[in-house]
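A quick note: this is a predicted structure, and the numbers were derived from the prediction, not measured. Quick note on labels: first sequence line is chain A, next is B, and so on, each numbered from 1.
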Protein chains: 2
Amino acid sequence: MKVSSKGEYALRSLLVLGQHQGTVMTIQEISEKTLVSIQYLEKILLQLKKLDYVQSKRGAKGGYLLHKSPENIIIGEVIRNLEGPLSPMGCASITQYEPCPLEQGCQLKPLWSLVRDTIAYVLERTTLEDLLLNRIRLMKGEDFVVFKE
Amino acid sequence: MKVSSKGEYALRSLLVLGQHQGTVMTIQEISEKTLVSIQYLEKILLQLKKLDYVQSKRGAKGGYLLHKSPENIIIGEVIRNLEGPLSPMGCASITQYEPCPLEQGCQLKPLWSLVRDTIAYVLERTTLEDLLLNRIRLMKGEDFVVFKE
DNA sequence: ACAATTCCAAGTAATTCTATTGGTTATTAA
DNA sequence: TTAATAACCAATAGAATTACTTGGAATTGT
C-alpha cells in the first residue's frame, strides 16, 4: 500500500514552493530542501508544470513558482495525477476502473471499495494549505469513527 | 497505493477455503476458483501455511484447509504479513518504522500517519468472516464521518 | 556574448513483481 | 509394493516499475 517516491517528492516540492510563495526557486534550491536529486526533480517539476500546479521561468534568474494557491491544490489529485488511482485495486477504482473476471460475486471488491473510499475521503479533503498550516489532525483511539451509527 | 497481486491472491485463496470449510482442496481446485496459476498459488499457500492461516495434507487426497476460523483471520494482518506495512510511507509505519532525514518538521508525515490510521482502522477490524458473510458496509456520502466532533 | 537555468529525449541500473521449471518427498489406494 | 497423487522446495527468468543519469537544446537576463 505504498505511495511511490515520485508522489512523495512531488508533495515535498509543492510544500517547499508553498513555503516560499512569491519567490522563484531554482531546481537546485528545491533539491537542497527536499533532498531529492536535481535530475529526478527536474522530471517531477516538469510534470507538475504540465498539470498546472507550478509555473516555470526559463533562463538566468529562472526557476519555479506555485501556480495555484495552496488551498486549491488537493493532495488526492496530486497523487492521482502522478501515480494513478487511489484505489488499492483496479476493480474498485472510480477514476480508472478496470474489470476483473472474478468480479460478479467477488467478496473482496466491497472491501477494496471501502478502502478506496476511506483513502479518498482523507486525501480529497486535504489541501496543500492544510499541510502548510499543519492542519492535519492525528487520530487516536476513540475520537476516530468511520461510520455514523 | 496498490495492493500487490500476492496479497489479493492470498485473500482470494482464504475466501475460497472459507467457502469450503471442512473439505480438503487441492492447489488445482483453488487455482480454478481464484484464477491464479498453480505455480504461483503454491508459493502463496506455503506462506499462508507458515503463517498458520492454512493447514496442508501431503500426498494423495491431500490439499489445503483453513487452520484458523474465519472470525480470527484479520485481513489487515494477512496483508501486512504478505506485503509489509499498511502505512503508505515508512516514516508513518507503526509495525516497521523507518526514519527519514526530513522527519523533524516534516509537514507530510502527519498526513501519512492519518492515511495509515484510516487504512489500518478498516483493515484491522475486518475479518475473513466479514468477507464471507458480505458484511462490508459501503460508505456513501453523509453516513461517513472520520472525526468525532 | 555569456552564464544561468529550464526543457527534453534517451538510456541505464536496481528493484520488485509475477511466474516458471524441474525436481523431491510424503501419502494413499490398488 | 507399486503407482498415482499432491504438497514441498530451490533456483531462476521475464516483465514491469522505479529511480536516476547523461548529454545536449532552448531560453532568458546581465
Can you name the residues that form a side-chain hydrogen bond (donor to acceptor under 3.5 Å, both in side chains) with Arg58(B), not counting sequence neighbours?
none

Tell me the salt bridge (charged side-chain N to carboxylate O under 4.0 Å, His left out) pairs involving residues 78-102 of chain B, sequence neighbours left out?
Arg80(B)-Glu124(B)

Close approaches to DNA chain C from residues 19-27 of chain A, in residue order (heavy atom, under 4.0 Å)
Thr26(A), Ile27(A)

For DNA chain C, find the residues of residues 77-94 of chain A with a heavy-atom distance under 4.0 Å and give them by number; none if there aren't any.
none

OP1 or OP2 of dC7(C) less than 4.0 angstrom from a side-chain nitrogen or oxygen of Ser56(A), does that happen here?
yes

Test side chain to side chain contact (heavy atoms under 4.5 Å, CB included) applied to Thr127(B) and Asn72(B), step by step:
CA-CA 7 Å; Thr127(B) 66; Asn72(B) 292 323; over 6 Å; no

Using atom [atom1] of [X] as one end and atom [atom2] of [N] as the other, report the distance to the nearest whole Å.
X: Ile44(A); N: dC7(C); atom1: CD1; atom2: P; answer: 14 Å
X: Leu48(A); N: dC7(C); atom1: CG; atom2: P; answer: 12 Å
X: Tyr64(B); N: dT5(D); atom1: OH; atom2: C1'; answer: 14 Å
X: Leu46(A); N: dT5(C); atom1: CG; atom2: P; answer: 17 Å
X: His67(B); N: dA7(D); atom1: NE2; atom2: P; answer: 17 Å
X: Gln47(A); N: dT18(D); atom1: CD; atom2: P; answer: 11 Å
X: Gln55(A); N: dC7(C); atom1: CD; atom2: C1'; answer: 16 Å
X: Leu17(A); N: dT6(C); atom1: CG; atom2: C1'; answer: 14 Å

Which nucleotides of nucleotides 19-30 of chain D have their base under 4.0 Å from a protein heavy atom (B), which only their sugar-phosphate (S), and which neither (-), written as one string 5' to 3'?
BBBB---BBBS-

Could you note down all residue pairs passing ring-ring contact (aromatic ring centres under 6.0 Å, His included) where residues 38-69 of chain A supplies at least one of them, sequence neighbours left out?
Tyr9(A)-Tyr40(A)

For Val24(B), which fellow cluster members are found when Ile, Leu, Val, Met, Phe, Trp and Tyr are connected by side-chain heavy-atom distances below 4.5 angstrom, either directly or through intermediates?
Leu65(B)

Using links of under 4.5 Å between side-chain heavy atoms of ILVMFWY residues, direct or through other members, which residues join Tyr97(A) in one cluster?
none

Just call it for Lys49(B): base, sugar-phosphate, or nothing, with non-hydrogen atoms closer than 4.0 Å on any strand.
sugar-phosphate

State whether Glu29(A) and Lys33(A) are salt-bridged, where the test is any N-O pair (Lys NZ or Arg NE/NH1/NH2 against Asp/Glu carboxylate O) under 4.0 Å.
no

List for me each residue that meets side chain to side chain contact (heavy atoms under 4.5 Å, CB included) alongside Leu133(A), sequence neighbours excluded, and say none if there are none.
Glu129(A), Arg135(A)

Taking only residues two or more places apart in sequence or in another chain, which ones pass side chain to side chain contact (heavy atoms under 4.5 Å, CB included) with Glu32(A)?
Gln28(A)

Just list the side-chain donor-acceptor pairs under 3.5 Å for residues 43-51 of chain B, sequence neighbours left out, or say none.
unit_1   : atom_1 : unit_2   : atom_2 : d
Gln47(B) : OE1    : Lys6(B)  : NZ     : 3.4
Lys49(B) : NZ     : Ser56(B) : OG     : 3.4

Those residues at least two apart in sequence (or on a different chain) that pass salt bridge (charged side-chain N to carboxylate O under 4.0 Å, His left out) with Glu103(B) are Lys109(B)

